[in-house]
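Shown next, in structure tokens, is the structure this report addresses.
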Amino acid sequence: MRKKTTLGIMGGTFNPIHHGHLVAAEVIRDEFGLDRVLFVPSGKPPHKYDNEIALPEHRWMMTVLATDSNAYFSASSVEIKRKGQSYTRDTIIELKKSCGETTKCYFITGADAIAEISTWHKTEDLSRLATFMAVSRPGYKLTIDKIDPRFRNCTHLIEIPALAISSTDIRKRLREGKTIKYLVPEVVEKYIYKNHLYQAKTTKAA
Ligand code: ATP
Ligand code: MG
């Protein structure tokens, strides 16, 4: 009998993508022997009301660039292409359709995001659609009591190497003209500077 295809799904705003995201996905892929991991940048994130969110096409390009050097990784534009708000459930269903209905999905999420799962919309059949891989993240406690009881049976808690990196901090550093070297892949760093993303706007003298 053929082995079921196993697919990791790493969702995020990726504003911008950084080494914290990449290490989380790679450790889960390796430890659980996943066939591949898809990085899915969100279109219009339902949880974020941030006016400094880069255009979807920039977040998409940075995700493509960052995942290119890992043969197991690729980027998916399902959420970017979808009109309106994106919900994890719809994304998993769509990915299952394109990868084959028998594909086993592992949704990778950080300790902060998994603790908010009960605030997500359309969660009724989520536990049937995927297994949730909740990874540790500096600054957030990863314990089963933090997870909605409805999802405890389908959630694994996994300790990964601690990288205290966040997109919020990277954007702040860029606004302040500080280095972001080694926090993001070099290709992403170059893309950010080339496209003047997140940096303080220079106002022309009158
Ligand atoms: P922001 O600060 O803008 O919220 P972020 O760094 O949290 O950005 P997201 O795109 O919001 O990045 O996160 C996508 C997923 O990656 C989430 O599940 C989040 O918990 C997880 N994640 C982000 N950074 C890390 C990290 N350093 N270690 C482990 N998981 C992380
Ligand atoms: Mg976040």
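Order of appearance sets the numbers: ligands from 1, and atoms from 1 within every ligand.
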*Examine Arg29 relative to Tyr72 and say whether NZ or CZ is less than 6.0 Å from the centre of the six-membered ring and inside a 45° cone about the ring axis.*
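Yes - Arg29 lies over the ring of Tyr72, closer than 6.0 Å to its centre and within 45° of its axis.
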
Heavy-atom contacts with [X] under 4.0 Å: which atoms of ligand 1 show up? List them by number with element.
X      : answer
Thr109 : 18 (O)
Thr168 : 1 (P), 2 (O), 3 (O)
Ser166 : 2 (O), 6 (O)
Ser136 : 29 (C)
Arg171 : 3 (O)
Gly12  : 10 (O), 14 (C)
Met10  : 15 (C), 16 (O)
Asp112 : 19 (C), 20 (O)

I'd like to know if [X] contacts ligand 1, where contact means a heavy-atom distance under 4.0 Å to any ligand atom.
X      : result
His19  : no
Ala164 : no
Asn15  : no

_Residue part near ligand 1, for Ala162, under 4.0 Å between non-hydrogen atoms_ =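 For Ala162, there is no contact with ligand 1 at all, from either part.
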
_Between Thr6 and Arg36, is there a side-chain donor-acceptor contact under 3.5 Å, judged purely by atom types and distance?_
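Side-chain D/A pair, Arg36 to Thr6: absent.
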
_Any donor-acceptor pair under 3.5 Å linking the side-chain atoms of His19 with those of Tyr182?_
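Checked: Tyr182/His19 side chains show no N/O donor-acceptor pair below 3.5 Å.
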
_Tell me if the aromatic rings of Phe39 and His21 count as close, with their centers under 6.0 Å from one another._
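No: the rings miss the under 6.0 Å criterion.
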
*Is the gap between the ring centers of His58 and Tyr191 under 6.0 Å?*
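Under 6.0 Å, so yes.
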
*Give a yes or no on whether Asn153 atom CG has more than 12 heavy-atom contacts from other residues, nucleotides or ligands under 6.0 Å away.*
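For Asn153, atom CG is not crowded (no more than 12 foreign heavy atoms under 6.0 Å).
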
Please check whether [X] reaches ligand 1 - meaning an N/O of the residue sits under 3.5 Å from an N/O of the ligand, judged on distance alone.
X      : answer
Ile165 : yes
Ile160 : no
Leu163 : yes

*Evaluate the side-chain hydrogen bond (donor to acceptor under 3.5 Å, both in side chains) criterion for residues Glu79 and Thr91: first the C-alpha distance (whole Å), next the side-chain angles of each, then the deciding distance (0.1 Å), finally the verdict.*
CA-CA 7 Å; Glu79 292 200 359; Thr91 299; 2.5 Å; yes

*Give the intermediate values and the outcome of salt bridge (charged side-chain N to carboxylate O under 4.0 Å, His left out) for residues Glu186 and Lys181.*
CA-CA 7 Å; Glu186 204 176 333; Lys181 208 173 181 58; 5.1 Å; no

*asked:* For atom 15 (C) of ligand 1, tell me which residue out of Ala111, Gly11, Pro138, Ala24 has the closest non-hydrogen atom.
replied: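 Minimum heavy-atom distance to atom 15 (C) of ligand 1 goes to Gly11.
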
*What class does the angle between the rings of Phe132 and Phe151 fall in, given that below 30° is parallel, 30 to 60° is tilted and above 60° is perpendicular?*
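Plane angle over 60°, so perpendicular.
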
*Would Phe73 end up clustered with Val64 when hydrophobic side chains under 4.5 Å apart are linked, directly or stepwise?*
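The answer is yes; both residues are in one hydrophobic cluster.
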
